[in-house]
Amino acid sequence: MKKLLVLITVIAMILSLVACAANPAPDADAQPPVDATQADDQEALAAADFEQVKTFLAAVQAHHALAVPVATIREQVISGEADASELLDGLKMLSDDSQALLANVQAAEWKTEDCSEHVALLNELADSLAQAELLCYEAAGENDEAKLESSSAFLRTYEEKLSALLDLMGV
């Protein structure tokens with residue numbers, strides 16, 4: 001009788017082990033399944049981030065449009081048709097605009113990491129543009145050739161970062 005009881009216990013244990021093997025315990029490191037709503041929300045947040053990058057690029061484009069009349073004033077100053085103070089005012093406006101752009105980019109809130117490379121390039125180009133415009137304004141006011149050369153270096157960095165961002169966006 002004891003042998004029969006031991007045999008039944010062993011069979012029960014074997015069946016229990018087989019059942020456990022058929023249904024493995026969940027992996028502690030495994031991510032919980034993402035339902036369709038969560039995936040849709042994540043996609044919507046990433047799309048919103050991408051739209052924000054595009055909005056900042058539109059602000060960069062608007063900044064370029066502001067520079068056109070300043071370039072015209074520069075030509076007029078060279079030809080003696082305008083006063084240098086008009087050019088200085090225009091350069092100050094460009095510097096202020098680029099500083100505002102940089103502040104807005106730095107203050108932006110990003111909902112996902114999907115655009116992290118875009119955001120890094122955007123921050124770098126906005127910083128380079130702000131530095132270049134400020135140095136250009138200061139160089140004009142102080143007639144400082146060294147600041148003008150530094151401004152040119154920042155402009156080259158700005159152009160590189162802008163080109164890289166546009167390439168990343170497929171533009």
Side-chain angles (χ1 to χ4, degrees), residues 31-32 34-171:
Q31 295 289 334
V34 176
D35 66 26
T37 304
Q38 287 175 323
D40 289 345
D41 290 346
Q42 185 67 17
E43 287 178 21
L45 292 173
D49 281 352
F50 192 74
E51 285 302 314
Q52 190 168 345
V53 170
K54 288 173 28 180
T55 299
F56 282 123
L57 278 178
V60 169
Q61 185 177 15
H63 181 81
H64 282 266
L66 288 175
V68 172
V70 176
T72 302
I73 293 170
R74 179 182 174 276
E75 294 300 319
Q76 291 172 341
V77 168
I78 290 171
S79 68
E81 299 171 32
D83 186 48
S85 65
E86 292 178 60
L87 177 59
L88 201 55
D89 290 344
L91 293 173
K92 173 74 170 131
M93 180 214 35
L94 288 174
S95 178
D96 290 346
D97 185 69
S98 64
Q99 294 295 326
L101 175 64
L102 175 61
N104 290 336
V105 167
Q106 290 175 335
E109 293 184 21
W110 306 95
K111 308 295 185 207
T112 68
E113 294 294 318
D114 291 11
C115 292
S116 59
E117 192 174 352
H118 298 79
V119 171
L121 287 168
L122 188 60
N123 274 288
E124 292 170 6
L125 76 85
D127 182 61
S128 296
L129 179 63
Q131 292 287 347
E133 297 287 16
L134 179 61
L135 285 169
C136 186
Y137 168 66
E138 290 175 350
E142 301 165 10
N143 199 20
D144 187 336
E145 188 72 27
K147 284 187 176 182
L148 194 57
E149 289 175 18
S150 295
S151 175
S152 294
F154 278 111
L155 276 177
R156 282 190 296 277
T157 301
Y158 159 75
E159 289 170 355
E160 290 169 4
K161 300 303 177 182
L162 179 59
S163 179
L165 180 57
L166 293 174
D167 287 347
L168 183 62
M169 296 181 74
V171 178

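Count residues from 1 along the sequence. Values below: all heavy atoms of this structure, side chains included; hydrogens, waters and symmetry mates excluded. All of these numbers come straight from a predicted model, not from anything done at the bench.
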Subject >> Closest non-hydrogen atom pair between L45 and T112, with its separation >> reply: CB-CG2, 3.6 Å
Original post:
So, for P69 and L66, which heavy atoms are closest and what is the spacing to 0.1 Å?
Top reply: CD-O, 3.2 Å
**OP:** Please name all residues satisfying side chain to side chain donor-acceptor pair (under 3.5 Å) with E124, sequence neighbours left out, ordered by chain then number.
**Re:** K161
Subject >> Any E138 side-chain heavy atom under 4.5 Å of D144 side chain >> reply: no
Subject >> CG/D167: more than 12 non-hydrogen atoms of other groups inside 6.0 Å >> reply: yes
**OP:** Search all heavy atoms of V70 against all heavy atoms of M93 and return the closest pair with its distance.
**Re:** CG2-CE, 3.9 Å
Original post:
Quick one: does D114's side chain get under 4.5 Å of F50's, heavy atoms only?
Top reply: no
Original post:
Between E51 and K54, is there a salt bridge with N-O shorter than 4.0 Å?
Top reply: yes
Original post:
Where do V77 and D83 come nearest, in terms of heavy atoms and distance?
Top reply: CG2-O, 3.5 Å
**OP:** Would you check if the side chain of S98 reaches a backbone N or O of L94 as a donor-acceptor pair within less than 3.5 Å?
**Re:** yes
Original post:
According to the side chain to side chain donor-acceptor pair (under 3.5 Å) rule, which pairs have a member within residues 55-67, sequence neighbours left out?
Top reply: H63-D97, H63-E133, H64-Y158
Original post:
S79 side chain to Q76 main-chain N or O, any donor-acceptor pair under 3.5 Å?
Top reply: yes
Original post:
Is the W110 ring parallel, tilted or perpendicular to the F56 ring (thresholds 30°, 60°)?
Top reply: tilted
Original post:
What's the shortest heavy-atom distance between A132 and S151, and which atoms?
Top reply: O-OG, 2.8 Å
Original post:
To the nearest 0.5 Å, what is the distance between CG (L165) and CG (L57)?
Top reply: 5.0 Å
Original post:
Distance-only, no hydrogens or angles: does the S95 side chain make a donor-acceptor pair with backbone N or O of L91 under 3.5 Å?
Top reply: no
